[in-house]
Amino acid sequence: MSTTASDPLAALGTLPGVADAVDSVRKAVDRVYGHRVMRRRSNEVTAEAALRGARGSAALSGADWNLEEVRRRTDFSGDDEAQVVGAALRLTAEVGQLLSIWRQSPLRVLARLHLVAAGGAAPDDAVGRPRLAGESVDEPLVEAPLPDADEVAGRLEGLSGLILSGTSAPALVTAAVVHGELLALRPFGSYNGLVARTAERIVLIGSGLDPKSICPAEVGHAEQGRAAYIAAFDGYLSGTPEGMAAWIAHCGRSVELGVRESTAVCEALQRGAA
């Protein structure tokens with residue numbers, strides 16, 4: 001699209017402060033991709049970023065486990081926290097298989113993400129589809145008013161249309177909007193936060209900003225804390241230019257913190273190889 005008037009995502013890129021956030025993220029990503037370890041051991045960095053990203057996303061959903069516990073555990077069928085961590089790990093593992101489908105059918109990908117997250121933990125007829133009128137939502141982190149089922153359906157179609165029609169917006173802007181909109185809608189009966197953050201990751205990877213998936217924004221969201229996450233999300237919900245810019249900047253800072261985490265992983269691998 002050639003104009004911001006016909007490309008609402010691109011219009012968000014012109015908000016005050018957003019261009020600076022986009023530029024800062026791009027420079028940070030370029031630095032970690034230029035690390036010498038990435039030339040030979042990028043697969044190891046990707047695997048570690050996936051693990052740490054899953055841990056961060058689970059922490060925001062109430063299962064704040066130590067990284068080594070996440071790494072050690074093999075059975076996630078126990079209590080609610082174990083199920084959340086298991087869901088986050090399954091979602092992270094699924095991302096690579098969904099990149100090409102996202103460009104053709106975002107709603108299909110979202111349905112698949114919920115199916116993977118639920119892993120049989122929810123009634124079969126409620127898994128992998130947007131909630132119906134009268135169905136409840138289990139998302140304790142977000143206390144904002146819940147849109148009704150008709151609004152959810154309409155806004156999901158609108159979000160899908162924006163993605164399918166293409167945009168000149170920076171990847172950070174698109175990823176932040178996808179994340180924020182899914183968190184606002186909470187379209188599924190469960191695991192909406194995990195699905196929203198996974199969708200953000202898909203956009204960042206599929207856009208080419210982070211093709212090797214080594215910049216886990218989920219790490220940064222968790223590091224900034226649940227209070228900061230919700231405060232920034234309130235900006236998204238407000239719909240004001242200032243609020244939207246604050247949410248995009250928060251997501252940008254989360255990517256940068258994810259970059260910092262993977263840079264530390266690169267440094268550790270380099271020391272180990274010395």
Side-chain angles (χ1 to χ4, degrees), residues 21 24-25 28-29 32 44-73 76 79-96 98 113-114 116-117 119 139-142 171-172 175-176 178-180 182-183 186 190-206 209-210 212-233 236 247-269:
S24 183
V25 165
V29 171
V32 72
E44 294 174 68
V45 181
T46 295
E48 190 64 21
L51 183 72
R52 296 179 184 220
R55 193 217 74 82
S57 192
L60 282 173
S61 288
D64 192 0
W65 286 18
N66 180 278
L67 180 63
E68 293 310 313
E69 175 66 11
V70 177
R71 196 191 306 278
R72 179 192 66 80
R73 184 76 73 94
F76 298 95
D79 59 20
D80 288 347
E81 287 195 6
Q83 291 179 22
V84 167
V85 175
L89 289 168
R90 290 192 299 273
L91 285 171
T92 299
E94 190 78 5
V95 165
L98 298 175
L113 290 177
H114 186 245
V116 169
E139 192 62 50
L141 177 63
V142 180
L172 173 64
V178 167
H179 181 172
L182 292 175
L183 207 59
R186 283 149 285 162
S190 58
Y191 298 116
N192 288 288
L194 295 180
V195 168
R197 290 184 288 275
T198 305
E200 177 186 47
R201 175 184 280 265
I202 287 173
V203 174
L204 293 172
I205 298 168
L209 176 66
D210 180 23
K212 293 183 182 293
S213 190
I214 62 168
C215 308
E218 304 97 320
V219 167
H221 286 304
E223 185 171 333
Q224 293 185 84
R226 298 176 79 179
Y229 184 71
I230 291 301
F233 175 59
Y236 180 87
W247 170 248
I248 294 167
H250 180 87
C251 291
R253 179 58 178 158
S254 296
V255 175
E256 290 186 62
L257 290 169
V259 167
R260 188 176 70 180
E261 188 88 353
S262 286
T263 300
V265 170
C266 287
E267 295 293 334
L269 289 172

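Just so it is clear, the model here is predicted, and its values are computed rather than measured.
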Can you check side chain to side chain contact (heavy atoms under 4.5 Å, CB included) on S190 and H114, steps first, answer last?
-> CA-CA 8 Å; S190 58; H114 186 245; 3.2 Å; yes

Tell me, with the steps shown, if E223 and S254 meet side chain to side chain contact (heavy atoms under 4.5 Å, CB included).
-> CA-CA 8 Å; E223 185 171 333; S254 296; over 6 Å; no

Could you walk me through whether R197 and S61 pass the side chain to side chain donor-acceptor pair (under 3.5 Å) test, one step at a time?
-> CA-CA 11 Å; R197 290 184 288 275; S61 288; 2.7 Å; yes

Show your working on side chain to side chain contact (heavy atoms under 4.5 Å, CB included) between R55 and D64 and close with a plain yes or no.
-> CA-CA 7 Å; R55 193 217 74 82; D64 192 0; 2.8 Å; yes

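Within the 4.5 Å cutoff, the side chain of C215 has heavy atoms near those of the V32 side chain. Considering only heavy atoms from C-beta on, V178 stays 4.5 Å or farther from E200 through its side chain.
Closest of all the heavy-atom pairs between V70 and F76 is O-CZ, 4.1 Å. A pairwise comparison of heavy atoms in V219 and G53 identifies CG2-N, 3.8 Å as the closest pair. The heavy-atom pair separating L141 from L60 by the smallest distance is CD2-O, 3.2 Å. Across all non-hydrogen atoms, the minimal contact from A88 to A54 is CB-O, 3.4 Å. The nearest pair of heavy atoms linking L257 to G220 is CB-CA, 3.6 Å. Taking both residues in full, the closest heavy atoms of S213 and A49 are given as O-CB, 3.6 Å, listed atom of the first, atom of the second, then distance.
To the nearest 0.5 angstrom, N192 atom CG is 11.5 Å from L113 atom CG. To the nearest 0.5 Å, atoms CD (E218) and CZ (R52) are separated by 13.5 Å. Rounded to the nearest 0.5 Å, atoms CG (L51) and CG (L89) are 6.5 Å apart. To the nearest 0.5 angstrom, D210 atom CG is 12.0 Å from L172 atom CG. Atom CZ of R73 sits about 11.5 Å away from atom CG of N66, to the nearest 0.5 Å. R90 CZ to Q83 CD: the interatomic distance, rounded to the nearest 0.5 Å, is 8.5 Å.
No donor-acceptor pair under 3.5 Å is formed between the side chain of T198 and the backbone N or O of L91. Checked by atom type and distance alone, the side chain of E139 pairs as donor or acceptor with a backbone atom of G193 at under 3.5 Å.
Salt-bridge check for E68 with R72: failed, with every basic side-chain N at 4.0 Å or more from each acidic carboxylate O. E48 and R71 are joined by a salt bridge, as a carboxylate oxygen and a charged side-chain nitrogen come within less than 4.0 angstrom of each other.
Checked against the 6.0 Å centroid threshold, H179 and Y229 count as a close aromatic pair.
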